[in-house]
2 protein chains.
Amino acid sequence: MSDLLERLRGRGWRLTAQRRVVAEVLDGDHVHLTADEVHARAAERLPEISRATVYNTLGELVSLGEVLEVSTDRRAMRYDPNAHHPHQHLVCAKCGTVRDVHPAGDPLADLPDNERFGFTVSDVEVTYRGICPNCA
Amino acid sequence: MSDLLERLRGRGWRLTAQRRVVAEVLDGDHVHLTADEVHARAAERLPEISRATVYNTLGELVSLGEVLEVSTDRRAMRYDPNAHHPHQHLVCAKCGTVRDVHPAGDPLADLPDNERFGFTVSDVEVTYRGICPNCA
DNA sequence: GGGTCATATTGGATTCGATCCAAGTCAAGA
DNA sequence: TCTTGACTTGGATCGAATCCAATATGACCC
């Protein structure tokens with residue numbers, strides 16, 4: 001993740017303690033934390049960090065393409081640091097657990113021209129739902 | 001949509017003026033209204049209908065499988081009466097317009113067993129994003 | 001038609017996630 | 001070290017959705 005910090009610095013990001021901590025919190029494999037969870041973990045290291053800053057930083061990381069926003073339910077948005085490896089999500093309908101998955105095929109290619117209605121289609125998002133082994 | 005009302009009556013639904021109006025509002029082709037929009041349209045016919053009742057009724061229709069909930073952005077949930085014909089959604093990233101689309105292939109079948117992690121996968125939801133002709 | 005009762009409706013309060021804002025703080029270049 | 005524009009803060013605010021106790025009403029029975 002220090003790569004990430006370097007990359008952002010190169011783009012003129014001012015490196016603050018708060019941003020560093022948020023980036024470190026996200027630097028786990030396969031985490032899909034809510035903003036509040038990110039805030040809680042960040043606050044363990046930097047007790048005074050505010051929610052607003054966590055939201056700001058997450059928003060910046062998203063628009064820089066370093067983190068993905070995924071909305072798996074009607075509750076809180078989740079933040080996925082695995083932005084540089086295309087993947088989709090498998091969500092447990094009971095406990096909300098999220099796993100990264102890699103379906104075969106290219107869903108974008110599966111949308112024929114006559115089903116695009118003149119849209120310039122740039123992105124597709126696939127969410128699988130089911131029951132995880134723990135909840136079954 | 002009177003089919004719908006009959007079907008629901010058969011399941012013990014008590015048929016009230018409010019529920020009838022909500023069902024009628026949803027009885028349009030390819031509409032993807034928010035709860036507030038449903039409420040506004042319902043209120044044209046039945047001025048005293050409350051938001052709470054609209055939410056209740058929509059929730060019931062969803063759990064009865066007669067209407068689909070689609071969350072196309074981080075804003076309000078949308079309600080899709082086209083529940084009996086499998087389809088996916090194409091969303092304009094600018095204006096939010098939603099169109100029903102029918103991609104080729106079966107995304108469920110595209111998720112291999114070794115990518116299911118023991119989940120019982122029951123459903124998949126595909127959202128295409130792009131820019132519509134009007135916004136381009 | 002009238003009575004009964006379980007179910008539905010109401011609107012105001014409440015929750016929860018997210019955003020906004022003005023005031024204070026601080027990283028980084030000179 | 002100084003300066004400055006960008007960053008952070010926490011409290012207010014917003015918007016969607018849910019909850020609740022009081023009231024109203026559809027459906028069934030006679």
Side-chain angles (χ1 to χ4, degrees), chain A residues 5-25 32-43 45-64 66-80 96 98, chain B residues 5-25 32-43 45-64 66-80 96 98:
Chain A
L5 292 178
E6 273 318 306
R7 233 179 300 147
L8 295 173
R9 214 127 97 91
R11 297 205 219 175
W13 229 45
R14 216 164 95 182
L15 193 45
T16 66
Q18 290 85 345
R19 286 174 167 178
R20 194 193 317 271
V21 167
V22 169
E24 284 170 5
V25 165
H32 301 87
L33 302 175
T34 64
D36 246 34
E37 289 165 350
V38 173
H39 176 256
R41 295 198 187 186
R45 308 188 187 192
L46 190 66
E48 299 324 312
I49 191 170
S50 77
R51 251 166 262 270
T53 295
V54 171
Y55 275 106
N56 287 342
T57 305
L58 290 172
E60 289 154 7
L61 290 172
V62 168
S63 54
L64 290 168
E66 299 289 351
V67 166
L68 297 175
E69 253 175 339
V70 295
S71 95
T72 56
D73 55 28
R74 84 204 61 181
R75 303 214 160 271
M77 197 65 78
R78 292 179 175 276
Y79 294 87
D80 181 349
V98 182
Chain B
L5 292 177
E6 273 317 307
R7 233 179 301 148
L8 294 172
R9 213 128 97 90
R11 298 206 219 173
W13 228 45
R14 222 164 91 180
L15 193 44
T16 67
Q18 290 85 346
R19 286 174 168 177
R20 193 193 318 270
V21 168
V22 169
E24 284 171 5
V25 165
H32 300 87
L33 302 175
T34 64
D36 246 33
E37 289 165 348
V38 173
H39 176 254
R41 297 198 185 187
R45 307 188 187 193
L46 189 66
E48 300 323 313
I49 192 170
S50 76
R51 251 167 262 271
T53 295
V54 172
Y55 276 107
N56 287 341
T57 305
L58 289 172
E60 288 154 9
L61 290 171
V62 168
S63 54
L64 288 169
E66 299 289 351
V67 166
L68 297 176
E69 254 175 340
V70 295
S71 95
T72 57
D73 55 28
R74 83 204 61 182
R75 301 213 161 274
M77 196 64 78
R78 291 179 177 278
Y79 294 86
D80 181 347
V98 181

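Chain naming here is simple, since letters A, B, ... match the order of the sequence lines and numbering starts at 1 in each.
Nucleotide dT19(C) holds its C1' atom 14 Å from the CG atom of D36(A), rounded to whole Å. Spacing between atom CZ of R20(B) and atom P of dT9(C) amounts to 12 Å, rounded to whole angstrom units. Distance L58(B) CG to dA8(C) P: 15 Å, rounded to the nearest Å. At whole-Å resolution of the value, CD in E60(B) and C1' in dA8(C) are 9 Å apart.
At dA18(C), one or more side-chain N or O atoms of Y55(A) fall inside 4.0 Å of OP1 or OP2 (strictly under the cut-off).
Within the 4.5 Å cutoff, the side chain of I49(A) has heavy atoms near those of the V22(A) side chain. When side chains are defined from C-beta on, L64(A) counts as touching L8(A), because their heavy atoms get closer than 4.5 Å.
Between T34(B) and A76(B), the shortest heavy-atom distance links the atoms CG2-CB, 3.9 Å. In plain terms, the two heavy atoms of S71(B) and M77(B) that are nearest each other are CB-SD, 3.6 Å. Between R20(B) and L5(B), the shortest heavy-atom contact is CG-CD1, 3.9 Å. The shortest non-hydrogen separation linking A35(B) to V54(B) is O-CG1, 3.8 Å.
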How does protein contact run along nucleotides 23-30 of chain C, one letter per nucleotide 5' to 3', with B for base contact, S for sugar-phosphate only, - for none, heavy atoms under 4.0 Å?
---BBS--

Would V25(B) and L33(B) count as a side chain to side chain contact (heavy atoms under 4.5 Å, CB included) here? Give the steps.
CA-CA 9 Å; V25(B) 165; L33(B) 302 175; 3.9 Å; yes

Tell me, with the steps shown, if Y79(A) and H32(A) meet side chain to side chain contact (heavy atoms under 4.5 Å, CB included).
CA-CA 5 Å; Y79(A) 294 87; H32(A) 301 87; over 6 Å; no

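Two residues, Q18(B) and R78(A), neighbour DNA chain C, and the one matched to the more 5' nucleotide by heavy-atom proximity is Q18(B). Nucleotides of DNA chain D nearest to Y79(B) and G12(A) differ in position, and the one nearer the 5' end is that of G12(A). Comparing R75(A) and R51(A) by the nucleotide of DNA chain D whose heavy atom lies nearest to each, the residue mapping closer to the 5' end is R51(A).
Using a 4.0 Å heavy-atom cutoff across all strands shown, R19(A) reaches sugar-phosphate atoms only and no base atom. Nucleic acid contact for A76(B): sugar-phosphate only, since backbone atoms but no base atoms lie under 4.0 Å from a heavy atom of the residue.
The overall bend of the helix from dG1(C)-dC30(D) to dA30(C)-dT1(D), read as the angle between its terminal helix axes built from five base pairs each, is 30° when rounded to 10 degrees.
For residues 54-63 of chain B, the set of pairs meeting the side-chain hydrogen bond (donor to acceptor under 3.5 Å, both in side chains) definition, not counting sequence neighbours, comprises R19(B)-E60(B).
For the salt bridge (Lys or Arg N to Asp or Glu O under 4.0 Å) test, no residue two or more places apart in sequence or in another chain qualifies with R41(B). Scanning for salt bridge (Lys or Arg N to Asp or Glu O under 4.0 Å) contacts around D36(A) gives R51(A), with sequence neighbours left out.
Nucleotides of DNA chain D lying under 4.0 Å from heavy atoms of chain B occupy a range whose first and last members, 5' to 3', are dA16(D) to dA27(D).
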